[in-house]
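FYI, the numbering just counts along the sequence from 1. Predicted model only: the values in this text are computed from it and were never measured. For ligands, and for the atoms within them, numbers begin at 1 and follow the listed sequence.
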Amino acid sequence: MLQLRPNCELCDVDLPPESLDARICTYECTFCASCVEHVLHDVCPNCGGGFAPRPIRPGVDRRPGLSRLHQPPASDRTHAKYTREEIAAFVGPIRDIAPEDR
Ligand SMILES: [Zn+2]
Ligand SMILES: [Zn+2]
C-alpha cells in the first residue's frame with residue numbers, strides 16, 4: 001500500500017494527505033511540486049525516475065474499511081540523504097532523458 005509521507009524530502013514543507021502538491025516516484029519518494037519542477041526537473045534524486053501526482057486517498061469510507069480513517073498517513077518525516085550539490089550533479093545528466101527512456 002502506498003505510504004502517504006508527511007513532507008517534502010527536500011524543502012520539508014508539509015504535504016498532508018489531501019495535498020494536491022505532493023509528487024511521488026515509483027518508490028514513493030515524496031517531494032513537493034515546486035521542488036520537482038524547479039530543483040529536481042522531474043528526476044528523483046534517490047532512484048533517477050520521474051514523478052507523478054500522489055493520488056488522494058479518500059477521507060471517509062466510500063467502501064468499507066478503505067479510507068484514511070483505516071489506512072492513515074505516515075507520520076515519520078523523511079529527509080533527502082544527499083546535499084543540494086550532489087542532487088544537482090545527479091540530476092544534470094538525467095533531466096533531458098524522458099522518464100520512459102531512463
Ligand atoms: Zn519541496
Ligand atoms: Zn525515487
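- Listed by first then second residue, pairs satisfying ring pair (Phe, Tyr, Trp, His ring centres under 6.0 Å) with a partner in residues 79-102 number zero, not counting sequence neighbours.
- Atoms SG of Cys25 and SG of Cys44, as seen from the Zn ion (ligand 2), are separated by an angle of 120°, to the nearest 10°.
- The minimum heavy-atom distance between Cys32 and Cys8, with the atom names listed, is N-SG, 3.3 Å.
- Within the structure, ring pair (Phe, Tyr, Trp, His ring centres under 6.0 Å) contacts touching residues 47-74 (residues at least two apart or in different chains) are Phe31-Phe51.
- Panel detail: the Zn ion (ligand 1) has protein N, O or S atoms under 2.8 Å away, 4 in number.
- For Arg77 and Asp12, the salt-bridge test passes: some basic side-chain N is under 4.0 Å from an acidic carboxylate O.
- With sequence neighbours left out, Leu2 forms a side-chain contact (heavy atoms from CB on, under 4.5 Å) with Leu4, Ile24, Glu28, Arg54, Pro55, Arg57.
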### Task
Could you check Asp61 against Leu69 for side-chain contact (heavy atoms from CB on, under 4.5 Å), going step by step and ending with a plain yes or no?
CA-CA 8 Å; Asp61 289 22; Leu69 300 173; 4.0 Å; yes
